[in-house]
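Step one of this worksheet: look at the structure below.
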Amino acid sequence: LEQRAVTVAASAITPTAGGIASPAWVERGPSNVAGRSRSLVIDPRNTQRMFCGSVAGGLWRSTNGGTTWSQVNDWWSNLAVSCVTLDPSNPDVMYVGTGEGFYSLAHLVRSFSHFVRGAGALKSIDGGNTWTQLPATANWLHITRIAVSPSNPQIVLASRRPGGIARSADGGQTWTDVAVGELSFQVAFDPNNGMKAVAHFSSSGPLVHGVIVSTDSGLTWQPALTGLASLSGEDARIELC
C-alpha cells in the first residue's frame, strides 16, 4: 500500500505524454458503500465528539456530531474494530477491541476461519490521538465487548470468542480468565455500582446461551437462576443494557 501511494503520487506530477490529458472519471464506488459498524461511543463531556468502529475499516472519529468523519489511524496492524469503550470516570482513556466474533457463516460450518480475525485490544490515554496495543491481549482472536468499572478505572472486563470473560486489575496490562467458555458476546458493569456486572455467556458453543452475573467486580460469576438462565438456538443471542 505504501508503494502504491508513492506510485500514485509520482504519476500525478509526471507530465502527460504528448500533452494528452487523462480521461475524466467520476467515482462510483466502492467508497460509497457502507460496511458493518459494530460500535459507537459519544464523549459525555462534548456530544459533538464521537468514535465509530468498523468491522473491516478501523476506528473513525467525528468532531461535529457525526456530520463528517476521519480515520483515526489507517496503519494499525489490525483494522477489524468490533467494540469501542470510554472510561466512564475519564473519557480520554479509551479501549478498542478487535476481531468480529458475532454471527456469520461460521455458525453454519462451525469454523472460526470465516470470522474477521483481530489482534487483541488497543488503549489510548489521550482522547484517541495515540494508541498502543495491550501486549497481553495480542493473541485474542475476537473481542466482542470491553467494560470499565465506574468505581475503579483499573478494573476492566473483556468478553471474547473463544475464551469467555477476562478481567484486568491494572488497566489492561495483565489479564485473568474469570469465566472460561466457548464465547461471550457482551459484558457490562452496573453504571451505578462497580461491584455488579452482567454478561452473556456460552460454555458449549453458539447453540446454548445464558446470562451470568457478578457481585464482586467480575472476580467470580454465577449463572442466572431464572428467565435468561439458558436459551437454545442460533437466534438466541442475548444483549443487555
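All values derive from a computational prediction rather than experimental measurement.
The minimum heavy-atom distance linking F201 with V180 is given by the pair CZ-O, 3.3 Å. Across all non-hydrogen atoms, the minimal contact from P88 to S149 is CG-O, 4.1 Å. Summarising the geometry of A80 relative to V116, their closest heavy-atom pair is CB-CG1, 3.4 Å, with the distance given to 0.1 Å.
One distance of note links OG1 of T98 with CD1 of I143; it measures 5.5 Å at 0.5 Å rounding. In this structure, CD1 in I165 is found 13.5 Å from OG1 in T176, a value given to the nearest 0.5 Å. We find the CD1-OG1 distance between I212 and T220 to be 10.0 Å, quoted to the nearest 0.5 Å. Distance OG/S168 to CH2/W175: 5.0 Å, rounded to 0.5 Å. One finds the CG atom of L59 at 9.0 Å from the CG atom of L122 (value rounded to the nearest 0.5 Å). Distance OG/S203 to NE2/H209: 11.0 Å, rounded to 0.5 Å.
Between R49 and F51, some side-chain heavy-atom pair lies under the 4.5 Å cut-off. W60 is not listed as a side-chain neighbour of S62, based on a closest heavy-atom distance of 4.5 Å or more.
A salt bridge does not link R117 to E100: none of the charged nitrogens lies less than 4.0 Å from a carboxylate oxygen. Under 4.0 Å is where a charged nitrogen must lie from a carboxylate oxygen, and between R160 and D177 at least one such pair does. With salt bridges taken as basic N to acidic carboxylate O contacts below 4.0 Å, none links R167 and D216.
Ring-plane geometry between H200 and F185 is classed as parallel, the angle between the planes falling under 30 degrees on a 0 to 90 degree scale with a further cut at 60.
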